[in-house]
Amino acid sequence: MNKLTALLAGLLFGVGLILSGMTDPAKVLGFLDLTGAWDPSLALVMVGAIAAAMVPMALARRRSRAWLGGAMRLPTRRDLDRRLVGGSLLFGVGWGLAGICPGPALTLLPLGYWQGVVFVVAMVAGMLLFRVLQSRGGD
Amino acid sequence: MNVEWSLFTPWSALAGGVLIGLAASLLILANGRIAGISGLLGGLLDGLFGGSEQSDKEGRGEAALFLLGLLAAPLLWGMFAAVPESHFSGSPAMLIVAGLLVGLGTRYGSGCTSGHGVCGLSRLSPRSLVATLCFMGAGFVTVYVVRHLLGVAV
């Protein structure tokens with residue numbers, strides 16, 4: 001049952017990404033291009049997603065277990081550190097260069113664009129690079 | 001600022017956003033897990049290559065199925081309607097640099113647009129607010145530099 005809800009959530013998430021326009025890098029870059037011909041659409045993706053998730057997240061916070069019995073794994077950290085800021089800045093630069101973030105990258109994959117494949121391979125390589133740097137105790 | 005109203009698609013953006021929010025809600029309430037794509041993918045890689053004690057076997061199974069759902073979404077969509085076209089810009093080298101930065105940055109920053117931007121902001125998490133301001137800000141600046149200072153036509 002846990003697996004079924006995970007699959008359903010992934011499907012729904014992916015359909016949302018397609019419907020919202022997030023799987024079109026040109027649309028994402030149009031949103032990030034504040035001083036050009038700005039397309040504000042993606043701000044509404046955020047608004048819709050947060051509006052839909054706010055009450056469920058508050059409900060989740062009050063529970064110690066999920067509906068299907070698993071532990072409620074809500075992040076608990078509240079500290080701000082260099083890794084959070086530095087990592088997010090690096091991510092933003094990459095996002096601004098290609099107009100692709102991790103979710104849409106995966107949803108683009110089966111559509112057969114070579115650019116999507118190149119991006120995902122590089123993204124996975126970046127995540128593996130993180131593991132390597134991490135295991136060397138780098139900060 | 002110059003809004004290009006011809007490109008503005010408020011209803012599909014809002015409706016797509018609601019679906020994304022509902023999907024994240026389902027995963028947290030039913031499974032107790034945050035729908036953060038970079039975290040789920042990173043956890044899977046940790047499982048494949050060993051090392052992280054956080055990525056339990058059950059968690060990896062659920063992460064794999066969620067990501068499988070993401071991959072299957074365009075196929076499901078395609079059974080009912082044509083999937084909207086995607087338009088890419090930049091050379092292969094630029095895509096590789098971008099992908100590396102996205103992979104590395106989201107792991108260092110513990111999240112991406114979904115984990116911090118959607119789940120974190122809906123939980124009113126201060127860490128996620130800072131992360132979202134950082135990646136959005138960096139995205140705005142990067143597009144400004146690439147398009148308007150370097151004049152790369154994309």
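Quick note on labels: first sequence line is chain A, next is B, and so on, each numbered from 1.
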Asks: Rounded to the nearest 0.5 Å, what's the gap from CD1 on B/I20 to OG on A/S20? Could you check?
Replies: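 Rounded to the nearest 0.5 Å, the CD1-OG separation comes to 4.0 Å.
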Asks: With hydrophobic residues grouped by side-chain heavy-atom distances under 4.5 Å, do A/L133 and A/V85 end up in a single group?
Replies: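 Hydrophobic grouping puts A/L133 apart from A/V85.
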Asks: Taking side chain as C-beta onward, heavy atoms only, is A/T107 less than 4.5 Å from B/L71?
Replies: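 A/T107 does not reach B/L71 side chain to side chain.
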Asks: For the atom pair CG (A/L74) and CD1 (B/I28), what is the distance rounded to the nearest 0.5 Å?
Replies: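 Interatomic distance, A/L74 CG to B/I28 CD1, rounded to 0.5 Å: 4.0 Å.
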Asks: So which atom in B/P84 and which in A/I18 form the shortest heavy-atom distance, rounded to 0.1 Å?
Replies: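 Closest pair (atom of B/P84, atom of A/I18, distance): CD-CG2, 3.6 Å.
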Asks: Between A/W67 and A/M1, is there shared hydrophobic-cluster membership here, with clusters defined by ILVMFWY side-chain heavy atoms closer than 4.5 Å?
Replies: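 In one cluster with A/W67: A/M1, no.
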Asks: Top residue by heavy-atom pair count (under 4.5 Å) with chain A, among B/V145, B/T106, B/T132?
Replies: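 It is B/T106.
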Asks: Tell me, for B/V102 versus chain A, whether the close heavy atoms (under 4.5 Å) come from the side chain, the backbone, both or neither.
Replies: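 For B/V102, the contact with chain A is made by backbone and side chain together.
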Asks: What residue in B/G109, B/G78, B/G115 has the most heavy-atom pairs under 4.5 Å with chain A?
Replies: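 Between B/G109, B/G78, B/G115, the count favours B/G109.
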Asks: Please check if the distance between the ring centroids of B/Y108 and A/F91 is under 6.0 Å.
Replies: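 Not under 6.0 Å, so no.
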Asks: Which atom names give the shortest non-hydrogen contact between A/A122 and B/L95, and what distance separates them?
Replies: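 Residues A/A122 and B/L95, closest heavy atoms: CB-O, 4.4 Å.
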Asks: Any side-chain heavy atom of B/Y144 sitting closer than 4.5 Å to one from A/D33?
Replies: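 No, every pair of side-chain atoms sits at 4.5 Å or beyond.
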Asks: Going by heavy atoms in the side chains, are A/M127 and B/L104 under 4.5 Å from each other?
Replies: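 Heavy-atom side-chain distance check fails, nothing below 4.5 Å.
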Asks: In terms of heavy-atom pairs under 4.5 Å, which option from B/G16, B/A30, B/A73, B/S12 contacts chain A the most?
Replies: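 Looking at each of B/G16, B/A30, B/A73, B/S12 in turn, B/A30 comes out on top.
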Asks: Check whether any side-chain heavy atom of A/F119 lies under 4.5 Å from a side-chain heavy atom of B/M94, and answer yes or no.
Replies: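 No, too far: nothing below the 4.5 Å cut-off.
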Asks: So what's closer than 4.5 Å to chain A heavy atoms on B/L40: side chain, backbone, both or neither?
Replies: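 Neither part, no heavy atoms under 4.5 Å.
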Asks: At a 4.5 Å cut-off on heavy atoms, which part of B/L29 comes close to chain A: side chain, backbone, both, or neither?
Replies: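 Looking at B/L29, backbone and side chain both touch chain A.
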Asks: Looking at B/A64, B/C119, B/G137, B/S6, which has the largest count of heavy-atom pairs under 4.5 Å with chain A?
Replies: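 With the most close heavy-atom pairs to chain A, the winner is B/C119.
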Asks: Using heavy-atom distances under 4.5 Å, tell me whether B/S38 contacts chain A through its side chain, its backbone, both, or neither.
Replies: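 When you check distances to chain A, atoms from both the backbone and side chain of B/S38 fall under 4.5 Å.
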Asks: Among A/A71, A/G99, A/G103, A/P75, which residue has the highest count of heavy-atom pairs closer than 4.5 Å to chain B?
Replies: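 Most heavy-atom pairs within the cutoff with chain B belong to A/P75.
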Asks: B/F66, B/I34: one ILVMFWY side-chain cluster at the under-4.5 Å cut-off?
Replies: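 They do not share one cluster, since no chain of ILVMFWY contacts under 4.5 Å joins B/F66 to B/I34.
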Asks: Is B/E58 close to chain A through its backbone or its side chain, or both, or neither, when contacts mean heavy atoms under 4.5 Å?
Replies: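 B/E58 touches chain A through side-chain heavy atoms alone.
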Asks: Highest number of heavy-atom pairs under 4.5 Å with chain A: which of B/G117, B/G17, B/G105?
Replies: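 Top option by heavy-atom pairs under 4.5 Å: B/G17.
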Asks: Is a side-chain donor-acceptor pair under 3.5 Å present for A/S41 with B/T9?
Replies: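 Distance-only check passes for B/T9 and A/S41.
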Asks: Examine B/F140 together with A/F31 and report whether their ring centres are nearer than 6.0 Å.
Replies: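 For B/F140 and A/F31, the ring centres are under 6.0 Å apart.
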Asks: Has A/K27 got a side-chain atom pairing as donor or acceptor with B/L7's backbone, closer than 3.5 angstrom?
Replies: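 Checked: pair present.
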Asks: Please step through side-chain contact (heavy atoms from CB on, under 4.5 Å) for the pair A/L32 and B/T142, ending with a clear verdict.
Replies: CA-CA 9 Å; A/L32 292 176; B/T142 302; over 6 Å; no
Asks: Give the C-alpha distance, both sets of side-chain angles, the deciding distance and a yes or no for side chain to side chain donor-acceptor pair (under 3.5 Å) between B/N31 and A/T5.
Replies: CA-CA 7 Å; B/N31 295 52; A/T5 49; 2.6 Å; yes
Asks: Counting heavy-atom pairs closer than 4.5 Å to chain B, which one of A/L109, A/T35, A/V118 comes out on top?
Replies: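 Ranked by heavy-atom pairs under 4.5 Å with chain B, first place is A/T35.
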Asks: Hey, is the main chain of B/H87 close enough, under 3.5 Å, to the side chain of A/D24 for a donor-acceptor pair?
Replies: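 The answer is yes, because a donor-acceptor pair under 3.5 Å joins these two groups.
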Asks: Could you check if a side-chain atom of A/F13 sits within less than 4.5 angstrom of a side-chain atom of B/L19, using non-hydrogen atoms only?
Replies: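 No - every pair of side-chain heavy atoms lies 4.5 Å or more apart.
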Asks: In the hydrophobic cluster built from side-chain contacts under 4.5 Å, what are the other members alongside A/L7?
Replies: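 B/L65, B/L68, all in the cluster of A/L7.
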Asks: Heavy-atom distance under 4.5 Å between the side chains of B/S86 and A/P25, does that happen here?
Replies: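 Counting from C-beta outward, B/S86 and A/P25 do come under 4.5 Å.
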Asks: Against chain B, work out which of A/D79, A/I100, A/L17 has the most heavy-atom pairs shorter than 4.5 Å and name it.
Replies: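 Option with the greatest count: A/D79.
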Asks: If you count heavy-atom pairs within less than 4.5 Å of chain B, which of A/K3, A/R61, A/R73, A/R65 leads?
Replies: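 The candidate making the most pairs under 4.5 Å is A/R73.
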Asks: Decide yes or no for B/V83 and A/T23: does some side-chain heavy atom of the first lie under 4.5 Å from some side-chain heavy atom of the second?
Replies: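 The answer is no; the side chains never approach within 4.5 Å.
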Asks: Taking all non-hydrogen atoms of both residues into account, name the closest pair between A/P110 and B/P74 and its distance.
Replies: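 Scanning both residues completely, I find the closest heavy atoms to be CG-CG, 3.5 Å.
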Asks: Any idea which of A/L106, A/V15, A/L80, A/V93 has the most non-hydrogen atom pairs under 4.5 angstrom with chain B?
Replies: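 With the most close heavy-atom pairs to chain B, the winner is A/V93.
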Asks: Hey, any chance B/L26 and B/I37 share a hydrophobic cluster, counting ILVMFWY side chains that come within less than 4.5 Å of each other, even indirectly?
Replies: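 No, separate clusters.
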Asks: Between A/G14, A/C101, A/S88, which has the largest tally of heavy atom pairs under 4.5 Å with chain B?
Replies: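 Of the options given, most contacts go to A/S88.
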Asks: Which of the residues B/G61, B/C134, B/S128 is involved in the greatest number of heavy-atom pairs with chain A at under 4.5 angstrom?
Replies: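 Result: the option with the highest number of such pairs is B/C134.
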Asks: Given that the side chain runs from C-beta out, which part of B/V130 has a heavy atom under 4.5 Å from chain A: side chain, backbone, both or neither?
Replies: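 Only the side chain of B/V130 comes within 4.5 Å of chain A.
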Asks: Give, as side chain, backbone, both or neither, the part of B/L75 having an atom under 4.5 angstrom from any heavy atom of chain A.
Replies: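 B/L75 touches chain A through side-chain heavy atoms alone.
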Asks: Is there side-chain contact between B/T113 and A/W95, with heavy atoms separated by less than 4.5 Å?
Replies: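 Side-chain contact under 4.5 Å: yes.
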Asks: Tell me if a side-chain donor or acceptor on B/R127 pairs with a main-chain N or O of A/L84 at a distance below 3.5 Å.
Replies: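 Answer holds: no.
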Asks: To the nearest 0.5 angstrom, please state how far the CZ atom of A/R83 sits from the OG atom of B/S110.
Replies: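 So the CZ of A/R83 and the OG of B/S110 are separated by 7.5 Å.
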Asks: Calculate, to the nearest 0.5 Å, the distance between atoms CG and CZ belonging to A/L128 and B/R107 respectively.
Replies: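 So the gap between those two atoms works out to 10.0 Å.
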Asks: Side-chain heavy atoms nearer than 4.5 Å, only ILVMFWY residues, links allowed to pass through others: does that put B/L149 and B/V146 together?
Replies: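 In one cluster: yes.
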Asks: Which pairs of donor and acceptor atoms, one on a side chain in residues 45-59 of chain A, lie under 3.5 Å apart (sequence neighbours left out)?
Replies:
none

Asks: What distance separates A/L108 CG from B/L70 CG, expressed to the nearest 0.5 Å?
Replies: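 Rounded to the nearest 0.5 Å, the CG-CG separation comes to 11.0 Å.
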Asks: Could you walk me through whether A/L89 and B/F135 pass side-chain contact (heavy atoms from CB on, under 4.5 Å), step by step?
Replies: CA-CA 5 Å; A/L89 288 173; B/F135 67 69; over 6 Å; no
Asks: I need the minimum non-hydrogen distance between A/Q115 and B/F88, along with the two atoms involved.
Replies: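 The answer is CB-CD2, 3.4 Å.
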Asks: So A/M123 and B/L100, side-chain contact (heavy atoms from CB on, under 4.5 Å) or not? Walk me through it.
Replies: CA-CA 5 Å; A/M123 179 175 82; B/L100 280 171; over 6 Å; no
